[in-house]
Amino acid sequence: MTPLLRGHNTEEGILAVHPSGNASMRLYIRGAKSVTTRDEEFFPFFYLSDPFLLDGFNQKFWLKKAEGALAFSHICVFPAWPVLWDAVRHMLDRFNTLTTTRIESYAQLDAIHLIPDPVTQFLLQTGRTLFKGMSFDDLHRLQLDIETYTDGPYRFSKATRPGDRIILIALTDNRGWNTVIDGRKHDERRMLHDLVRVINERDPDVIEGHNIIAFDLPYILTRCARHDVELTIGRDGSAAKTAEARGSAGEYPGEPAIAGRHVVDTLHLVQSYDQSKRNMESYGLKYVARYFGFASPDRVYVNGDRISATWDEEPEMLVRYALDDVRETGLISEHLSPISFYLTQLLPSPYGTITRMGSAAKIEQLMSREYLRQKHSLPRPSQGIQTTGGYTDVYVTGVVGPVVHADVASLYPSIMIGNGIGPAKDTLGIFTAMLEELTSQRLEIKQKARAAADSVERSRLDAEQSSLKILINSFYGYLGYSRALFNDYAQADAVTQAGQEILRKIIAELREHFGIVVEVDTDGVFFVPPPDCIGEEAERSFVRTIALTLPPRIFLELDGRYRRMLSYKKKNYALLGYDDRLTMKGSSLISRSIERFGRAFVRQAVERILNNDIDGLHRVYVNTVSAIQGHEMSVSEFARVETLKDSLETYDREVLTGKRNRSAAYEVARQLERRVRSGERVVYYITGTDPNVKGFENCKQAEDWDPHFPDENIAYYVKRLDEFAQKFKDFFRPQDFVRIFAPDDLFPFSSEGVEIITTAAPGQPDEPEETPGKFGIWLDE
DNA sequence: AGCTGTGGCAGGGAGG
DNA sequence: CCTCCCTGCCAC
């Protein structure tokens, strides 16, 4: 019995398990009842080497470190796929039994969990199917195919296509499941049987839906339980299960189990897409479809609470609505799923799982895959904290223009490649090598995509390069992640510090060349170009001039140009494009926690200020005040929407122990009849007459607001409006400010003599004192 | 049970 | 009033 892994850090608790050469098994080791374990000693561990299957596609298992040497009494085999039962038995027979090698004080296995991930993955990608009763020889041939099909470490395998898909939609109204269905039990029972039949007939590799994991599947399973129908949609005829139903046998919570099929939730796809883009307002299906331009003009919309009524009154309408949902979900998936799909060729995880994996987990898999390929041990996570981040500052507040935004392309990855930054623990040195390799692959693919004549080919290549971009951008975050095996806080700090230096250099150079730096954040700069730099071409070449002063491989690019900019605070500003489009950034201007009327007010006010329309600004204020006072707004405009992070129980406990204060959102949640879970949104408004009421004592659920007897707290909401107006205080002289943001009285408002003040932000000792009007040229237009 | 990072603004409530 | 603490949301 020789340990399969070699390594320098076995003293840190590295274990080798020798499974006698079957790596298509996922080994899961649970602490036996007789074993005392300590939580802090639990750590995930790890891949088997594979003398027989393919390199890299090894499976993961977990060990619980036990105190002292212990032997378990038996070994159990749990094949996740009954189809493979024979194969497992065959392999075990062939190798007699599992042998384990124990190092230091680690315990032996007590359970084996089979998940044929590489096989499903291969099948999915090649469009081949695994059939019931397949013999071990058939499987073995498949495995040989898989071997030839893999290209090697951290390279894409040969691409094929996603398998057949089916989209699942469940409909209910949001008053609860009972009202929709209870009157029509027979119909529903038949529908469930139809669902099972259709899925088995179509036999899809992938089942998709928007929020399918949190809603459609659990909903359908609940209905199945109520009607005593088995949702037998697994490829082997087994029933679909939710995580709870399966226990926590090493699976992710919420991970659905449909044997032989992948579940892809377009909600997850959208969320991870927006993590890099960051400009979506919501992740709801209807919004997302409109965002991507997938919603057709004659799309049917039915409000959630009208679904059962619509079904009763105009069933064809509801059918059309459901089909529109399906169509849009399908288009969103076609647009976004390739990013995950192409990663299945790089990572040893199944397609469905990859769509739900975080970015650090992906890096971890890449690292582990290569370490295991080289049969080297893996380190444990280091303890510590990262101490630095990006540099952010605001040099000028007020209205300026024209403004150019220049940013460094892929700042952190470039630094890591340029300075060879990688974890000290990475003795094989693959982290940086991998980053370099992936980056050059991406550039190659990007160029191919640009050159591709065929539009299908182009979008396939584009998806591939987007997958890589996401991976590449995750390398930095991985360094500072506390649970990462290869984390290295010192190196994470080295990356951010180098980034700060580059940004400061850019600022210094811009000033040297007579640009006026307005706001900077991490990897980009807003600045007013020098007076003789007019027009896009001049600005572009100005940025090039600055870029020449930077270290090699650091590419400063012109990212955007704007007619005017309102600079408010760090990470808070508004931009007016040459197409007159207004974009606002920052939590104090666009936060979802601001009431809708407040967001509308701020937006209109910013727009008027950017256009130097002081009379308009005053009118916006006056109109908003009168709308509040005249009860002209409906509840959705002044209600506040809050997401509950904790359960009501946690909240109560923490309030009781004085760890946190009472808050309106949770108190409203308490009033609701249904149980409120964490992550849910609560919509409420403030009642009473005193503007200084305590929110948690004077709050009501928005649904309870009655337009005929409006009881919102007018004084409170006027006070809120004045708080929003305060944001603009520094843009005006005090005497002007009080006149603009005040109701009309005896004398009509006049903007005569009002000027917008632009100032160098305080606390900038190296910035010479500036006077109003000196920033940019637009005031003289 | 799994979870990528730091920096920044604002609001509400409690207590000085 | 102010400060502190906590939570939520946002930029990159």
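Model, not experiment: these values are computed from the prediction. Order of the sequence lines fixes the chain letters, A, B, ..., with proteins taken first and strands second; residue numbering starts at 1 for each chain.
Rounded to a whole Å, the CG atom of A:Asp488 is 15 Å from the P atom of B:dG5. One can place OH of A:Tyr684 at 12 Å from P of B:dG11, the figure rounded to the nearest angstrom. A:Lys729 has its NZ atom 18 Å from the P atom of B:dC9, to the nearest Å. In this structure, NZ of A:Lys570 is placed 13 Å from C1' of B:dT6, rounded to the nearest angstrom. Remark: P of B:dG8 and CG of A:Asp393 are 8 Å apart, rounded to the nearest angstrom. Regarding A:Glu364, its CD atom lies at a distance of 13 Å from the P atom of B:dG5, rounded to whole Å. Rounded to whole Å, atom P of B:dG5 lies 17 Å from atom CG of A:Leu471. In this structure, A:Leu503 atom CG and B:dG7 atom P are separated by 14 Å, rounded to whole Å.
For an aromatic pair to be called close, the ring centres must be under 6.0 Å apart, and A:Phe741 with A:Phe737 satisfies this.
Ion pairing between A:Lys571 and A:Asp521 holds under the 4.0 Å rule for side-chain N and carboxylate O. Contact check on A:Glu519 versus A:Lys570 returns no salt bridge, with no Lys/Arg side-chain nitrogen under 4.0 Å from an Asp/Glu carboxylate oxygen.
At a threshold of 4.0 angstrom between heavy atoms, the contacts of A:Tyr481 include nucleobase atoms, whether or not backbone atoms are also involved. Residue contacts for A:Ser482: at a heavy-atom cut-off of 4.0 Å it reaches no nucleic acid atom on any strand shown. Residue A:Phe724 is out of contact with every strand shown, counting any heavy-atom pair closer than 4.0 Å. Note on A:Gly389: only backbone sugar-phosphate atoms sit closer than 4.0 angstrom, heavy atoms only; bases stay farther off.
The side-chain hydrogen bond (donor to acceptor under 3.5 Å, both in side chains) check on A:Gln491 picks up nothing, with sequence neighbours excluded. By the side chain to side chain contact (heavy atoms under 4.5 Å, CB included) test, A:Ile590 is found to be paired with A:Met584, residues two or more places apart in sequence or in another chain being considered. By the side chain to side chain contact (heavy atoms under 4.5 Å, CB included) test, A:Lys585 pairs with A:Tyr573, sequence neighbours left out. Looking at residues two or more places apart in sequence or on another chain, you find a side-chain hydrogen bond (donor to acceptor under 3.5 Å, both in side chains) between A:Asn572 and A:Ser588. Scanning for side-chain hydrogen bond (donor to acceptor under 3.5 Å, both in side chains) contacts around A:Tyr717 gives an empty result, with sequence neighbours left out. Under the rule for a side chain to side chain contact (heavy atoms under 4.5 Å, CB included), the partners of A:Gln497 that lie at least two apart in sequence or sit in another chain are A:Thr388.
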Donor-acceptor list for residues 403-412 of chain A side chains, cut-off 3.5 Å, not counting sequence neighbours:
residue  : atom : partner  : partner atom : Å
A:His405 : ND1  : A:Asp559 : OD2          : 2.9

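Projected onto DNA chain B by closest heavy-atom contact, A:Ser588 and A:Ser474 fall at different nucleotides, the more 5' of which corresponds to A:Ser474.
For the pair A:Arg640 and B:dG12, the criterion of a side-chain N or O lying under 4.0 Å from OP1 or OP2 is met. Here A:Lys569 reaches the OP1 or OP2 of B:dA10: one of its side-chain N or O atoms lies under 4.0 Å away.
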Quick test: give all pairs of protein nitrogen or oxygen and nucleotides 8-12 of chain C nitrogen or oxygen below 3.5 Å, distance rounded to 0.1 Å.
residue : atom : partner  : partner atom : Å
C:dG8   : OP1  : A:Thr643 : O            : 3.4
C:dG8   : OP1  : A:Lys645 : N            : 3.4
C:dC9   : OP1  : A:Thr643 : OG1          : 3.1
C:dC10  : OP1  : A:Arg592 : N            : 3.2
C:dA11  : OP1  : A:Gly586 : N            : 3.2
C:dA11  : N3   : A:Lys571 : NZ           : 3.1
C:dC12  : OP1  : A:Tyr573 : OH           : 2.7
C:dC12  : O3'  : A:Asp523 : OD1          : 2.6
C:dC12  : N4   : A:Arg278 : NH1          : 2.5

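Contacts between residues 407-424 of chain A and DNA chain B, counted as heavy-atom distances below 4.0 Å, involve no residue at all.
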